[in-house]
Amino acid sequence: MSGVLSRTQALVVAASLAAAIVVGACIAGTEGAAFGFFALLAVGGGAACLFERSHFRAVAALCATFVGTTGLFLLLASDLLAVTQLLIAAGGIGSLFFFGARSLPREASGPDFLRVTLTLATIVPICAFAAWRCARSASFQSAGPVEAPLAGDAGKIGVALVDPRQFAVGFELAAVLLVVALVAALVFARRTDEEAS
Amino acid sequence: MGLGAYLCVSVALFALGLCCVIARKNLLHVLIGLQLLLAAASLVFAAFARFHGAATDGRVMALFVLVVAAVEAVVGIAVVLHVVRASGTARPSAFDRLRE
């Protein structure tokens, strides 16, 4: 960790994670402790992405966010989603971003902290108010919480993805979208004859 | 933990991602902000799938969001590398030729 964070930063991160675990454990026991750990990993990683100057550290923070959301998916009993998130997001997308960070020039200056902080101070209340209004007005409030079983959900999702009455069309469209993206990335990234010379 | 706790995390992630897209002056960080936005969206889908029935639907939608995130990363990185190679800078304000 010392390669990515200084000793002081590592201590702050470890203390914050420990505090989140303790607070979560006091509120909701073992599940609360796990929630506190993963939630702080996700949100703290996002905050580090916002304020970090170095490309590599920002991408590492993004990977921490992906790992945090993976843990939250596990707590939500979505094991297939968690595995997919870990493999594709934290693995594939993270590697891609590391490659991009390596290929891009270093920033001459870091983020403008005043601009970032002011934007954050504007956006957070708006998002919080919008979420609160949606939670108050949406019809899902009338439905009681459903405790989904903690067993694996891969079989049900697999059936739903190939069922023509459910998500078969969307599944095929997603496959086409991935192929188009692959070809587009090849076209964009290859060097032209002028650039090569 | 209840639905509200997961929604709070999701709103925080969404706000951080939106702020990253708006306030940062580097294309790579803009792409990172978009990834945060999509992670927040998939977390909301999974949370509602867990707490309000129709579990499969929300999880399948979260999978689709993950596919969109992968596509955005692949095409976005390729475009960023291309324009940085052409112009030598990763500042979004440098790419305004479409406006002319």
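Just so we're on the same page: letters track the sequence lines, and every chain starts at 1.
Using a 4.5 Å cut-off between heavy atoms, B/L38 does not touch chain A at all. Only the side chain of A/L62 comes within less than 4.5 Å of a heavy atom of chain B; its backbone N, CA, C and O stay farther away. Both the backbone and the side chain of A/L178 come within contact range of chain B, judged by heavy atoms closer than 4.5 Å. If you measure heavy-atom distances from A/V187 to chain B, you find no contacts under 4.5 Å at all. Only the side chain of B/I77 comes within less than 4.5 Å of a heavy atom of chain A; its backbone N, CA, C and O stay farther away. Of the two parts of A/S78, the backbone and the side chain both hold a non-hydrogen atom closer than 4.5 Å to a non-hydrogen atom of chain B. Within the 4.5 angstrom heavy-atom criterion, atoms from both the backbone and the side chain of B/V74 approach chain A. Using a 4.5 Å cut-off between heavy atoms, A/I88 contacts chain B through its side chain alone, with no backbone atom that close. Heavy-atom distances place the side chain of B/A12, and not its backbone, under 4.5 Å from chain A. For A/A101, the parts sitting under 4.5 Å from any heavy atom of chain B are the backbone and the side chain alike. Interface residue A/F99: only side-chain heavy atoms are found under 4.5 Å from chain B. Contact of A/E52 with chain B is made through the backbone alone, with heavy-atom distances under 4.5 Å.
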After noting the C-alpha distance and the side-chain angles of B/K25 and A/R115, does the key distance pass the side-chain contact (heavy atoms from CB on, under 4.5 Å) rule? CA-CA 11 Å; B/K25 293 180 177 175; A/R115 172 189 164 98; 3.7 Å; yes
Tell me, with the steps shown, if B/L36 and B/L18 meet side-chain contact (heavy atoms from CB on, under 4.5 Å). CA-CA 8 Å; B/L36 292 178; B/L18 193 58; over 6 Å; no
Could you go step by step and tell me if B/F45 and B/F64 meet the side-chain contact (heavy atoms from CB on, under 4.5 Å) rule? CA-CA 11 Å; B/F45 276 122; B/F64 286 155; over 6 Å; no
Before you tell me yes or no, could you show the steps for A/F73 and B/S42 under side-chain contact (heavy atoms from CB on, under 4.5 Å), namely the whole-Å CA-CA distance, both residues' side-chain angles and the distance that decides it to 0.1 Å? CA-CA 9 Å; A/F73 285 150; B/S42 60; 3.7 Å; yes
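When each of B/A39, B/G4, B/A47 is checked for heavy-atom pairs under 4.5 Å with chain A, B/A47 comes out on top. Between chain A and the options B/V71, B/V75, B/V11, heavy-atom pairs under 4.5 Å are most frequent for B/V71. For the set B/N26, B/V9, B/L63, the count of heavy-atom pairs under 4.5 angstrom toward chain A peaks at B/N26. The candidate with the highest count of non-hydrogen atom pairs below 4.5 Å against chain B, out of A/T122, A/I27, A/V116, A/L186, is A/V116. Ranked by heavy-atom pairs under 4.5 Å with chain B, the first of A/G32, A/G92, A/A47, A/A61 is A/A47. When the candidates A/T69, A/T65, A/L104 are compared by the number of heavy-atom contacts under 4.5 Å with chain B, A/L104 comes out ahead. When the candidates A/G170, A/A130, A/G29, A/A175 are compared by the number of heavy-atom contacts under 4.5 Å with chain B, A/G170 comes out ahead.
With a 4.5 Å cut-off on side-chain heavy atoms, A/V83 and A/D79 do not count as touching. A/F51 has its side chain within reach of A/T117: a pair of non-hydrogen atoms, C-beta onward, lies under 4.5 Å apart. Annotation: side chain of A/H55 is in contact with side chain of B/H29 (closest heavy-atom distance under 4.5 Å).
When all heavy atoms of A/C49 and B/R24 are compared, the closest pair comes out as O-NH1, 3.5 Å. Contact detail for A/I157 and B/V60: the closest heavy-atom pair is CG2-CG2, 3.9 Å.
The aromatic ring centres of A/F35 and B/Y6 sit less than 6.0 Å apart.
Here the side chain of A/E31 pairs no donor or acceptor atom with the backbone of A/L75 at under 3.5 angstrom. The closest donor-acceptor contact from the side chain of B/S10 to the backbone of B/A40 lies under 3.5 Å.
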